Chemist: 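This is the structure, below, for whatever I ask next.
What you see is a predicted model; the values in this text were computed from it and never measured. Along the sequence shown, residues are numbered consecutively beginning with 1. Remember, it's 1-based here, ligands and their atoms both numbered in the order they're listed.
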Amino acid sequence: MLIEDIEFVTFRHPDLAAVRDFMVDYGLLDLQHDGDALYLRSYGDAPFSYVSTQGEAAFVGVGFRVSSREALDTLAARFDSPVTDCPHPGGGLYTVGADPDGRRLEFVFGAERLPAIPSGGDPIVWNDAHAKNRLGHFQRPAFGPSHIQRFGHVAVFSPDPQGVISWYGETLGMKASELIYQGKEKNVVAAFMHLETGAAWTDHHTLAIVGGKAVGLDHASFECRDIDDVGIGHMVMVDKGYKHRWGIGRHFHGSQIFDYWTDPAGFHVEHYVDGDLVNNDSPTLSYPFGRDTLLQWGPAFPGL
Ligand SMILES: [Fe+2]
């Protein structure tokens with residue numbers, strides 16, 4: 001295993017105050033804002049989950065938590081890049097590379113973890129039709145922004161999806177959980193890629209690669225506490241007048257219950273909960289492109 005998990009996303013925004021207000025209403029927490037760089041944390045133990053520098057709006061890349069010093073050296077050799085002190089909150093050592101489309105990839109080892117912050121309420125105890133588990137207690141979660149637990153994945157556009165899918169497999173050891181094709185099955189147009197974590201369970205996708213005319217970002221995604229956290233977070237964002245994109249629904253690929261919002265610079269961010277997990281025994285599945293595989297329930301994708 002080279003990489004334990006994805007850990008943070010990096011943007012540039014022209015107005016750091018505006019994106020800070022948006023992301024705090026969205027469910028992240030202030031960590032550090034020193035002039036040119038805004039760092040936000042989640043309720044989990046990651047050193048930070050979101051960083052934006054000031055400048056022309058751009059999705060810059062993502063950061064990964066590396067599994068060992070040896071793994072960091074391996075990655076540094078693959079990218080012909082030095083191992084240096086990591087300048088981000090939490091410190092540690094890091095190396096930096098880029099994928100074939102030019103996205104910045106940062107690999108951090110040994111950063112100091114933050115103490116997780118209690119995110120309010122106990123886990124939901126469900127009463128479904130056949131199993132009554134919540135007896136004599138009412139389900140009354142507090143109203144307020146979502147409690148984002150961690151940064152979960154990105155979905156990116158590439159003009160060369162097959163090349164980029166292969167590159168992430170060969171360079172970072174990632175594997176497709178599910179592929180989408182158009183026409184013949186070998187004509188792959190998108191992939192949901194998971195980290196290589198051996199027998200340990202990992203997210204169905206840490207990276208989704210989707211064919212597109214230009215290099216770009218579809219969305220960056222953050223894991224919330226539970227379904228009430230997604231639903232109440234939705235109401236907070238509605239109350240604040242932010243621009244909604246799509247949701248609430250349940251995806252097909254990865255099964256997440258999702259809700260998408262649009263940040264002040266026009267980037268899409270996703271709240272999710274209840275995603276699928278896979279490991280190295282999980283097969284790669286293939287599906288034809290179509291509306292049926294966009295979601296299992298919820299409103300239609302805007303424009304389709
Ligand atoms: Fe997503």
Chemist: Between Trp261 and Asp259, does any side-chain donor sit less than 3.5 Å from a side-chain acceptor?
Modeler: yes
Chemist: If the cut-off is 2.8 Å, does any N/O/S atom of His251 fall short of it from the Fe ion (ligand 1)?
Modeler: no
Chemist: Need the atom name: nearest N/O/S atom of Glu270 to the Fe ion (ligand 1).
Modeler: OE1
Chemist: One pair to check against side chain to side chain donor-acceptor pair (under 3.5 Å): Glu270 and Tyr260. What are the steps and the verdict?
Modeler: CA-CA 4 Å; Glu270 178 185 30; Tyr260 289 87; 3.2 Å; yes
Chemist: If you look at His219, which of its N/O/S atoms is nearest to the Fe ion (ligand 1)?
Modeler: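 For His219, the N/O/S atom sitting closest to the Fe ion (ligand 1) is NE2.
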Chemist: Going through the distances and angles, do His205 and Glu178 end up as a side chain to side chain donor-acceptor pair (under 3.5 Å)?
Modeler: CA-CA 9 Å; His205 55 275; Glu178 301 193 87; over 6 Å; no
Chemist: Between His153 and Thr206, is there a side-chain donor-acceptor contact under 3.5 Å, judged purely by atom types and distance?
Modeler: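 Not at all, the side chains of Thr206 and His153 share no donor-acceptor pair under 3.5 Å.
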